[in-house]
Amino acid sequence: MSLDVRESVPLAPLTTLGVGGPARYFAEAADEAAVVEAFRFAEARGVPLFVMGGGSNLLVADRGVDALVLRVRVRGIELLRGRGEDGVGETRGGGVDGGGGEAGRALVRAGAGEAWDDLVARSVAEGWAGVECLSGIPGDVGATPIQNVGAYGQEVAETIVEVRAIDRATGAAVVLSGADCGFGYRDSRFKRAWRGRYVITAVTFALRPGGAATVRYPELQRALAAPAGGAAPPLGEVRSAVIALRRAKSMVLDPADENGRSAGSFFMNPTLAPGAAAAVIARIEAAGVLAPGEAIPRYPADGGRVKLSAAWLIERAGFAKGTRHGAAGISTRHTLALVNRGGATAEELLGLARRVRRGVLDRFGVALSAEPDLVGFAPGEIDDLVSAAHL
C-alpha cells in the first residue's frame with residue numbers, strides 16, 4: 001500500500017492560523033496513484049475526502065474534520081519542450097497550443113505539491129514574466145487555480161493554460177484547459193460546478209521569457225517609483241518590492257511576527273452591480289465617515305461590476321487595526337487579516353469575523369464573504385460567512 005494513512009492527526013500545526021482540531025484520517029500523496037488510492041480508502045470507510053494544500057487559506061473547526069484529509073505532494077517543476085506526455089487513462093479537455101518551443105512563451109508545469117513562492121522565485125530567476133507580482137504568497141501550486149490567486153494587479157488566470165487533475169468519479173487523469181476553468185475574482189469552477197470533483201496534481205503556466213513585469217497596481221507603482229506607462233522595472237526588483245509590501249502588512253510567513261498567525265486576507269473585496277454600488281456609495285457619503293477630499297476606493301471588475309475595498313469598509317465601520325476578540329484579533333498592520341494572538345480557537349475567529357461582517361453590513365449595507373476555506377463545521381453553521389448577498 002503506497003498510501004500511509006494516519007488517524008487523529010492534529011491539523012492546527014499544518015495551517016498558518018494554527019487553530020483547529022484533528023483529522024480523523026490523514027495521508028500524503030506523492031503521486032497520482034496514491035491520490036486514486038485515497039479515493040478508495042475514503043469510499044471504503046464511508047468518509048468524505050478533503051484535499052488540503054499548504055494550509056495558508058484554511059480555518060479548521062475546533063472539533064476537527066471527520067474525513068480523510070489528503071495533502072497532495074506531487075512535486076517537480078519542468079519547462080515543457082513538447083506535448084508527448086500522454087499517460088495511461090488520461091483524457092484531455094479543451095484545446096491548448098503546443099510546447100515550450102513556441103515563440104513568445106515558456107510552458108512551465110509544476111506539481112501541485114510545489115510551494116507556490118518557490119515557483120515564483122524560479123520564474124523570476126529565469127526571466128519568465130507573468131507571476132512576479134504574486135511573490136511571497138504562501139501555499140502550494142495546486143491551490144492557485146481553485147482560488148484564482150491574485151495580488152498587486154496580477155492573477156494566475158492570466159497565465160494558467162492547463163490544470164492536470166484526477167477525476168474522483170473515474171479515477172482517470174484529465175487535463176483541463178485554463179479557458180474552461182471559469183476564472184473570476186478569487187473564483188473558479190473548482191469552487192462551484194466542479195467542487196469536489198477533481199484533485200489537482202499539476203498546473204501548467206504560460207510565462208513570457210524576457211517579458212516585461214506587470215506593474216499596473218497603484219501601490220506597487222508608488223513603491224517602485226514607476227510611472228504608469230513607463231518602462232517596467234526588472235522582474236527581480238518587482239519581486240523584492242512586492243515582498244516588502246507584503247512584509248509591511250504581515251502578509252509573509254514570519255514566526256517572529258506578532259501578526260504571523262493568519263490566513264492572509266480573511267474577507268474578499270465585494271464586487272457589486274453598478275446600481276448596487278451607487279446605492280452603497282451614497283450610503284457611505286451620507287454616513288459622515290469621509291475625511292475632507294477623501295475618495296471612496298473603487299475599481300472596475302469583470303462584467304461591468306464595481307469592486308470596493310473590504311479593508312477600507314471595515315476600518316470605516318469602526319474596526320481598528322489591533323481590535324481583539326478573546327485570543328483572536330485584527331492584525332495591527334492590515335485590517336483584512338484576522339490573526340491568532342496565541343491560543344485562539346476557531347470559534348473566537350468566527351466570532352470576530354461575524355462582528356466585523358455585521359458591522360459593515362449595518363453601516364454600509366455590504367455583506368462581506370470569507371476568503372479562506374472553512375472546514376469541519378456543521379451544515380448551516382457558517383452559511384452567513386460563505387454566501388454573502390450584496391445590495
Side-chain angles (χ1 to χ4, degrees), residues 9-26 28 38 42 47-72 112-113 116 137-151 156 163 165 168 181-200 203 251 253 261-269 310 328 336-340 344-350 352-354 357 368-388:
V9 173
L11 292 177
L14 303 180
T15 72
T16 54
L17 265 170
V19 303
R24 181 175 174 183
Y25 301 107
F26 181 85
E28 296 184 337
V47 296
L49 176 72
F50 173 72
V51 179
M52 179 179 180
S56 60
N57 194 47
L58 184 64
L59 175 59
V60 177
D62 295 318
R63 66 175 70 91
V65 183
D66 187 17
L68 169 60
V69 176
L70 182 68
R71 181 84 189 270
V72 177
W116 169 253
I137 296 175
D140 293 346
V141 166
T144 60
I146 299 170
Q147 189 77 359
N148 185 19
V149 165
V156 294
V163 177
R168 295 191 191 189
C181 290
F183 292 123
Y185 171 65
R186 301 299 177 271
D187 193 27
S188 72
R189 285 201 175 106
F190 296 105
K191 293 179 70 173
R192 295 178 281 108
W194 293 347
R195 188 176 186 88
R197 179 175 176 182
Y198 298 113
V199 175
I200 295 170
V203 185
M251 289 294 187
L253 295 180
R261 282 292 190 185
S262 84
S265 297
F266 198 91
F267 293 103
M268 293 186 284
N269 291 320
L336 270 186
L338 304 189
V339 300
N340 174 6
T345 64
E347 281 303 311
E348 285 177 314
L349 283 157
L350 284 183
L352 177 57
R354 287 192 170 102
R357 184 179 182 277
L368 301 179
S369 297
E371 185 168 328
D373 285 329
L374 309 180
V375 181
F377 298 93
E381 198 173 355
I382 54 171
D383 288 355
D384 58 327
L385 290 171
V386 299
S387 58

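Side-chain contact between Trp116 and Ser56: absent, with no pair of heavy atoms (C-beta onward) separated by less than 4.5 Å. When side chains are defined from C-beta on, Leu350 counts as touching Phe377, because their heavy atoms get closer than 4.5 Å. Inter-residue side-chain proximity for Tyr25 and Val47 is flagged as met; some heavy-atom pair is nearer than 4.5 Å. Side-chain atoms of Pro138 and Met251, non-hydrogen and from C-beta on, never get closer than 4.5 Å to each other. Within the 4.5 Å cutoff, side-chain heavy atoms of Arg71 are placed close to those of Phe26. Side-chain contact check for Val72 versus Ile200: every heavy-atom pair is 4.5 Å or farther apart. Considering only heavy atoms from C-beta on, Arg168 comes within 4.5 Å of Val51 through its side chain. Counting only heavy atoms from C-beta outward, the side chains of Cys181 and Trp194 approach each other to under 4.5 Å.
Across every non-hydrogen atom of Leu58 and Leu17, the tightest pair is O-CD1, 3.7 Å. When all heavy atoms of Ala263 and Asn57 are compared, the closest pair comes out as O-OD1, 4.0 Å. What you find for Glu371 and Phe267 is that their closest heavy atoms are OE1-O, 3.9 Å. Nearest heavy-atom pair, Ala38 versus Leu68, reported as atom, atom and distance to 0.1 Å: O-CD2, 3.5 Å. For the residue pair Met268 and Ala310, the shortest heavy atom distance occurs at O-CB, 3.6 Å. Shown here for Ser265 and Pro372, the closest heavy-atom pair between the two residues is O-CD, 4.1 Å.
Although no hydrogens or angles enter the test, the distance criterion places a donor-acceptor pair under 3.5 Å between the side chain of Ser188 and the main chain of Pro145. With hydrogens and angles disregarded, no donor-acceptor distance shorter than 3.5 Å links the side chain of Arg354 to the backbone of Leu349. Side-chain atoms of Glu348 come within 3.5 Å of backbone N or O of Thr345 as a donor-acceptor pair. Between the side chain of Thr16 and the backbone N or O of Ser262, at least one donor-acceptor pair lies under 3.5 Å. Here the side chain of Arg24 pairs no donor or acceptor atom with the backbone of Val69 at under 3.5 angstrom. The backbone N or O of Leu368 lies less than 3.5 Å from a partner atom in the side chain of Arg357, making a donor-acceptor pair. Remark: the backbone N or O of Ala346 is paired with a side-chain donor or acceptor of Asp62 at under 3.5 angstrom. With hydrogens and angles ignored, the 3.5 Å screen pairs no side-chain donor or acceptor of Arg186 with any backbone N or O of Asn269.
In this structure, Glu347 does not pair ionically with Arg63, as no charged nitrogen and carboxylate oxygen lie closer than 4.0 Å.
In the displayed structure, Arg195 atom CZ is contacted under 6.0 Å by at most 12 heavy atoms of other residues, nucleotides or ligands.
In this structure, Ile146 CD1 and Tyr198 OH are separated by 13.0 Å, a value rounded to the nearest 0.5 Å. Residue Leu11 holds its CG atom at 11.5 Å from CG of Leu59, rounded to the nearest 0.5 Å.
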Do Thr15 and Met52 pass the side chain to side chain contact (heavy atoms under 4.5 Å, CB included) test, and can you show the C-alpha distance, the side-chain angles, and the key distance before you say yes or no?
CA-CA 10 Å; Thr15 72; Met52 179 179 180; 4.0 Å; yes
